[in-house]
Structures are given as C-alpha cells and as structure tokens.
Protein chains: 2
Amino acid sequence: MPDITDQRFTPHDHRRCIKAAVAEATRICNERNGRLTEQRKRVLELVWGSHQPIGAYTILEQLRSEGFNGAPPTVYRALEFLLDHGLIHRIESLNAYTGCSHPGDEHTGQFLICSRCHEVTELDDPAVSRAITHSSASIGFAATHQVIEIRGLCSHCQALPHDQ
Amino acid sequence: MPDITDQRFTPHDHRRCIKAAVAEATRICNERNGRLTEQRKRVLELVWGSHQPIGAYTILEQLRSEGFNGAPPTVYRALEFLLDHGLIHRIESLNAYTGCSHPGDEHTGQFLICSRCHEVTELDDPAVSRAITHSSASIGFAATHQVIEIRGLCSHCQALPHDQ
DNA sequence: TGAAAGTTGTTATACTATAACATAACAACC
DNA sequence: GGTTGTTATGTTATAGTATAACAACTTTCA
Ligand SMILES: [Zn+2]
Ligand SMILES: [Zn+2]
Ligand SMILES: [Zn+2]
Ligand SMILES: [Zn+2]
C-alpha cells in the first residue's frame, strides 16, 4: 500500500517529478543568471519531496539529518530565492511551501488542498482570475496579486469511507 | 486630514460601524445562546477599531493599556469564539483578524487588501465562488472552504501619486 | 590582484499560537 | 440555598514561524 503521507496516492514515479522540477529550475536560473547553488537546489528537492506542502523547519530538520549544520536563516534565504524565481509557492493558510507545477511564467496560482491527505494541486484557471479581477474592479479595486487556497477533498479521498 | 492609518479614508462615522457590529453580534449570540461576554465584546470592538486587520498581540496590548492584565490565550480564545460565530474573519496572509461585514450567514468571504493603506474590504461575489467551485470540480475536487485574499490598490489609493 | 557583489554562517530575537492545568463564574436542578 | 455540571477565564510555560544584524566566505569581473 502506498504511503499517502509521503507522496501523491495516484501511483506515479515521484522521482521523476523531482528530477523534472530541478531540471526546469536549472534551465530557468540559467536563463536569468540566477544562481541555483547546491543548497538552493537541495531545498528545492526537499520542497518537492512530496506533493504536500512542507514547513521551513521541517526542511531544516531534513537538512540537518543529512549532516548540514545550519540555522533557520539559511532555509528561509533559499526559500526566498526559490519564491523570487517562481520555482515554489508559499501556502499562506499553512505557513508552508510547495513546488510550482509550471514555473517560469509569472503567476500566483490557485491551490486545492485536500483536508484528508493534505496534498496540494495547483490550478491556474484564467476564468477564476478573471472573475476575481472583474469583481474587484466593480468596486474600483485594482488587483495585483491573488491568494487563493481552497480546502476540500481530492477525488481520491472522496472515494474513501468517511472514517478512514 | 484624516488619519488613514486609523480608519477608512472614505469619510464616515466609524463609531457607527463599531456600534452596529456589536449590536448585530449581540443579536446573533442571543439567537444561538452564544455568550458574548464583556471580554469577547471588547475584543470584537477592538477588531472593529478600524477597517485594517489587527493582530492578536496588538489586541492584547490595547487590552493591557486599558488595565487588563491577561495573557495571549485570553485573546486567542475570544478570537476563536468570534470566528466560530462568524463575527470576524481571519486574514491568513497577514496573521490578522478583521470584522465580518455581514455576519450571521455562513460564508468564507473574499478580501481585498490595499497594499498602501492596508484597509480591507470584504466581498462575497457568488460569481467568484462559483468559478472556483466549478474549476475545482473539473478535476474532481470537492471544495468546502475558500481562502481568497486579493492584494492591490483600493480606489482611493489609486488616485494618489505613486510616491505618496 | 583587488574591489564589488552575492552567498552563507552565526547569534540573537521578534512574532504568532497553543498546551496544560488551576480557578472562577454561571446555570439548572434538587 | 447548596450541589453539581458546564462554560469561561487566569496563569505559566512552551511550541512554531520568521527576521535582524553582523561576520566570513565565494564568485565575478575589471
Ligand atoms: Zn509527484
Ligand atoms: Zn486527498
Ligand atoms: Zn467604519
Ligand atoms: Zn488604499
């Protein structure tokens, strides 16, 4: 049985997710002369360790378990770099971070967070953004950034008995 | 010149906002046998002290300046009560709380947060909720709660010079 | 090489929130 | 009125999240 606390239940080879994310990040950083140092790359890999958002201090623990002897600022700096380059997102309602599923272009993302398995799926539905921009504009508000975090049950968890 | 750090620039008698909020809260709590104690009422008034979200520790400071000699749990308990009864909302991206502008009915609210004056306007546009529910459903996700926090410039602040 | 810019190390501290347990106030019933 | 169960508050300690400030090191490039 797959470990749903560790990776997306839908069976897939998650190592490929990580590899692809790092490759994509490397490409993007090269493009803009951003330096994806070893530490930053390692933090990116840890954020991509699963499809569940991860907290800064959990990242720190994992780094330490690998022999790294650092302090919180190191992790937060790496996260800041990754955020600045659009490689990860911050989930405000969880104080946690998750890999961006289509980095490169500027976007803020819309996140579906499963209350049961805690996995996050990133959407970027222009219809949603449009509805918000339009609704804001109707009262004269000029929107620049949207935080959209939706809770509910993912399709897999809906199929399970309630008490499971 | 109005103090934009203290209340909504659009001129209005903010004491009426506070009074109305407390009256409405009293009514709602009576309806459901919720006890709006003095402390809870005072916290509600402080949350309604302006149209800017306020942090729990700022509330604590203000209570202390009034002679109250309490600790964080007291404030967080009052906030929890007010949240549970739909009298205030929590702004996740600010770790702060703001009065609900139409308490009573169950709703999660959509918040427009001005980057300049920090005032918050609550929207509840069904079109936005619908767009999100629909978009979620398209990938099989059953949404139960939405966190929507939009940053930008309110109409008043748009009219000001950029450097002001 | 040497200065400038960028990155990481290190220590301390600020800010946000809750656990755990004690006491007090309230409500309802006998 | 006293008893009792329930809710609310007080109190202390601690957990969890994030940043300030400054020192040391690395890379870049003139
Ligand atoms: Zn994966
Ligand atoms: Zn799930
Ligand atoms: Zn007002
Ligand atoms: Zn404004």
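Note on naming: letters A, B, ... go to the chains in the order of the sequence lines (proteins, then strands), and numbering restarts at 1 for each one.
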J.: Can you tell me if A:Thr37 touches the phosphate of C:dT7, counting only side-chain N or O atoms and a distance under 4.0 Å to OP1 or OP2?
T.: no

J.: Want to settle it: does A:Ala78 or B:Leu94 sit nearer the 5' end of DNA chain C, counting the closest nucleotide to each?
T.: A:Ala78

J.: Is there a side-chain contact between B:Tyr76 and the phosphate of C:dT18, meaning an N or O under 4.0 Å from OP1 or OP2?
T.: no

J.: Atom CD1 of A:Ile91 and atom C1' of D:dA18: how far apart are they, to the nearest Å?
T.: 18 Å

J.: I want to verify a distance call: between C:dC26, C:dT7, C:dT11, whose nearest atom is closest to the A:Ala71 side chain?
T.: C:dT11

J.: Are A:His51 and A:Cys17 side-chain neighbours, meaning at least one heavy-atom pair lies under 4.5 Å?
T.: yes

J.: Within a radius of less than 6.0 Å around CZ of B:Arg32, do more than 12 heavy atoms belonging to other residues, nucleotides or ligands occur?
T.: yes

J.: Angle class for the B:His89/B:His107 ring planes (parallel below 30°, perpendicular above 60°, tilted otherwise)?
T.: perpendicular

J.: Going by heavy atoms closer than 4.0 Å, what residues in residues 54-66 of chain A are next to DNA chain D?
T.: A:Tyr57

J.: Among the candidates D:dT27, D:dA8, C:dT10, find the nucleotide nearest to the side-chain atoms of A:Arg35.
T.: D:dT27

J.: Give the nucleotide from the list D:dT12, C:dG9, D:dT19 with an atom nearest to the side chain of B:Pro73.
T.: D:dT12

J.: A side-chain contact here means heavy atoms from C-beta on lying under 4.5 Å apart; do B:Arg42 and B:Phe68 qualify?
T.: no

J.: Is a donor-acceptor contact shorter than 3.5 angstrom present between the side chain of A:Arg77 and the base of C:dG6?
T.: no

J.: Could you tell me the separation between the CD atom of A:Glu80 and the C1' atom of C:dG6, rounded to a whole number of Å?
T.: 13 Å

J.: For atom NE2 of A:His134, decide whether the heavy atoms of other residues, nucleotides or ligands shown that lie under 6.0 angstrom number more than 12.
T.: no

J.: Rounded to whole angstrom units, what separation is found between the CG atom of B:Leu36 and the P atom of C:dC26?
T.: 14 Å

J.: Counting the atoms with a prime plus P, OP1 and OP2 as sugar-phosphate, which does A:Tyr97 contact under 4.0 Å by heavy atoms, base, sugar-phosphate, or nothing?
T.: sugar-phosphate

J.: Quick check on contacts: within residues 38-48 of chain B, what sits under 4.0 Å from DNA chain D by heavy-atom distance?
T.: B:Gln39, B:Arg40

J.: Counting distance only, does the side-chain N/O of A:Glu45 pair as donor-acceptor with the main-chain N or O of A:Ile18 below 3.5 Å?
T.: no

J.: Does the side chain of B:Thr144 reach to within under 4.5 Å of the side chain of A:Leu153, using non-hydrogen atoms?
T.: no

J.: Quick check: are there more than 12 heavy atoms from other residues, nucleotides or ligands sitting under 6.0 Å from CG of A:Asn69?
T.: no

